[in-house]
Amino acid sequence: AQSVTQLGSHVSVSEGALVLLRCNYSSSVPPYLFWYVQYPNQGLQLLLKYTTGATLVKGINGFEAEFKKSETSFHLTKPSAHMSDAAEYFCAVSVSNDMRFGAGTRLTVKP
Amino acid sequence: KAGVTQTPRYLIKTRGQQVTLSCSPISGHRSVSWYQQTPGQGLQFLFEYFSETQRNKGNFPGRFSGRQFSNSRSEMNVSTLELGDSALYLCASSPTEAGGRSYNEQFFGPGTRLTVL
């Protein structure tokens, strides 16, 4: 079955700095890949998704991710962090209606 | 469209009791999935329903059960509650179609926070 590994349970950046959240997946077939964000006491909100086609995917709030098949990675980036980006981020992989989530990365943004 | 709604938002129960949580998916979505989220275990998949049938199931004991109605609304039930069942229970709906591969993009509700005392 497919699986996801998120490297780093906590990431801290300064406001205005680059955000890089790492995600590696394992799948025997081409997967669909997702990044979700969760703010305190809320459900998960989709940031972006990769299904097919262009490997660089742009999402909401200035985030983007690049699907690299050779590295089995789908890292999330944002050029300049904002205080409002502080949240927990989940990478997910889906194969045949079976979605698996990573353990999550908590992003802290320092002023 | 209205989003996924979950009721109640907060619930306090004692050990041994049972609880039923409700989820109303986005209109037109036929797939409903349930997840348990805890600080220690993260997001864990409970089960998925599609057209009133359980299509996928996670690795949870039989105390956890669910069902889906003809209008796609779903309920999950936990019997004989244990302290470890305290968690945020998230419901997600998806516009999955019956045939062919789906994107399985899931839309989440705000969750039900269950506390077992």
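- Taking the side chain as every heavy atom from C-beta outward, B:Phe69 and B:Glu75 approach each other to under 4.5 Å.
- Considering only heavy atoms from C-beta on, B:Cys91 comes within 4.5 Å of B:Gln6 through its side chain.
- Chain A forms the most heavy-atom pairs under 4.5 Å with one residue out of B:Gly3, B:Pro110, B:Gly42, and that residue is B:Pro110.
- Proximity to chain B (any heavy atom under 4.5 Å) is shown, for A:Leu44, by both the backbone and the side chain.
- Each of B:Ser93, B:Ser94, B:Ser24 was scored for a side chain to side chain donor-acceptor pair (under 3.5 Å) with B:His29, with one residue passing: B:Ser93.
- Looking at A:Gln45, neither its backbone nor its side chain comes within 4.5 Å of chain B, counting heavy atoms on both sides.
- A donor-acceptor contact under 3.5 angstrom links the side chains of B:Ser22 and B:Arg73, judged on distance only.
- Here the side chains of B:Leu21 and B:Trp34 are in contact, with some heavy-atom distance below 4.5 Å.
- The choice from B:Gln44, B:Arg113, B:Gln37 that makes the most heavy-atom pairs within less than 4.5 Å of chain A is B:Gln37.
- For a residue to count as touching a neighbouring chain, one of its non-hydrogen atoms must lie under 4.5 Å from one of that chain's; by this rule B:Gln41 does not touch chain A.
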